[in-house]
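The next block holds one structure in the form of structure tokens; read it before the comments.
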Amino acid sequence: MLAAPPPTLLLITKAPQPGRSKTRLTPAFTPEQAADLAGAALADTLAALALVPAGRRLLVLDGEPGRWLPPGWEVVPQCGGGLDRRIAAAFAHAARLAPRAPALLVGSDTPQLDPAALAAPLSATERPGADAWFGPAEDGGFWALGLARPDARLAERLLHGVPMSTAETGRRVRERLAAHGLVVRELPALLDVDGPDDAARVAALAPGTRFAARLREYAPAPGPAR
């Protein structure tokens, strides 16, 4: 019997850049501060994923990699089109590189990510019987999506035409997973960092992250009343 192949991890993100990264954090933060916070969240996510056993780690990137990218990552440029098509293309790329390995995709909006939340479900002992993994976001979207047998056509059927970044995104993806008869394992619900309130909540949940430290520099907690 062949050993279960280690998973392929996909991280889809933008290169941190003022005016293009975390724009919903402005005007509470300057474009430069928003990009810096995006970079801190990305660094936290890269560090978390480094602790998840994997056969390959693919950075599906909009922009150019910088010194922030640690060793061990293969950079894959994002394709054109909407996010639905870019995510589907990322799964297709993973399928070409490692067709027998499960593939799991996350974004960089959850710097509080606990590596154990992915390592355990993707382990060779726990993943039998699962066709897919779904990590719901509190805003109605999703922070993680995985396929036990990634396939370009399946990814297209699951994702093409799904409106992204809406309160209905997660529900629509769940419906498509169910329509294809896939057995879905649930991952913990997490809060995406979109606006300033989300940023404050995530920093409070994970005060030891780079993201929380950077946020404290830009928005220090008020001192005692005098």
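Remember, predicted model here, so these are calculated numbers, not experimental data.
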Run through the side-chain heavy atoms of Ile, Leu, Val, Met, Phe, Trp and Tyr, join any pair under 4.5 Å, and report what else lands in W68's cluster.
L9, L11, L42, L46, L49, V52, L59, L61, L69, W73, V75, L104, V106, L113, L118, L122, W133, W143, L187, L190
Cluster question for you: counting only ILVMFWY and a side-chain heavy-atom cut-off of under 4.5 Å, with indirect links fine, are L191 and F142 together?
no
Answer yes or no: is there a side-chain heavy-atom contact under 4.5 Å between P6 and P53?
no
Note, P102 side chain near R149 side chain (heavy atom, < 4.5 Å):
no
Heavy atoms, side chains only, cut-off 4.5 Å: are R127 and P7 in contact?
yes
So do the side chains of D109 and K22 get within less than 4.5 Å of each other, counting heavy atoms only?
yes
With a 4.5 Å heavy-atom cut-off, do F91 and L145 have their side chains touching?
yes
Taking side chain as C-beta onward, heavy atoms only, is R57 less than 4.5 Å from E74?
no
Is R171 close to R176 at the side-chain level, that is, under 4.5 Å between some pair of heavy atoms?
no
Salt-bridge test for R214 and E217: reply yes if a basic N is under 4.0 Å from a carboxylate O, no otherwise.
yes
Correct closest heavy-atom pair for T209 and P111 would be CG2-O, 3.6 Å
Which heavy atom of P207 sits nearest to which heavy atom of R216, and what is that distance?
O-NH1, 3.1 Å
Would you say D198 and R24 make side-chain contact, with heavy atoms under 4.5 Å?
no
Is a side-chain N or O of Q33 found less than 3.5 angstrom from the main chain of T30, in a donor-acceptor match?
yes
Applying salt bridge (Lys or Arg N to Asp or Glu O under 4.0 Å) to E186 and not counting sequence neighbours gives R174
Minimum heavy-atom separation for T26 and P31, please, with both atom names.
CG2-N, 3.9 Å
May I ask you to decide whether D131 forms a salt bridge with R185, counting only side-chain N to carboxylate O separations under 4.0 Å?
no
Would you say R157 has more than 12 foreign heavy atoms packed within less than 6.0 Å of its CZ?
yes
Closest heavy-atom pair and its distance - L25, A199:
CD2-CB, 4.2 Å
May I ask you to say whether D62 pairs ionically with R20, meaning some side-chain N is under 4.0 Å from a carboxylate O?
yes
Compare every heavy atom of Q112 with every heavy atom of V202, then report the nearest pair and how far apart it is.
CG1-OE1, 3.6 Å
According to side chain to side chain donor-acceptor pair (under 3.5 Å), who are the partners of S108, at least two apart in sequence or on a separate chain?
T13
Answer with yes or no whether the hydrophobic clustering places L158 together with I12; edges join I, L, V, M, F, W, Y residues whose side-chain heavy atoms lie under 4.5 Å apart.
yes
Under the side-chain contact (heavy atoms from CB on, under 4.5 Å) criterion, do R201 and E138 qualify, and how do the steps go?
CA-CA 12 Å; R201 287 180 60 197; E138 290 188 18; 3.1 Å; yes
May I ask you to check whether T169 and T166 show a side-chain donor-acceptor distance below 3.5 Å?
yes
Of the non-hydrogen atoms in R85 and G80, which two are nearest, and what is the gap between them?
CB-O, 4.3 Å
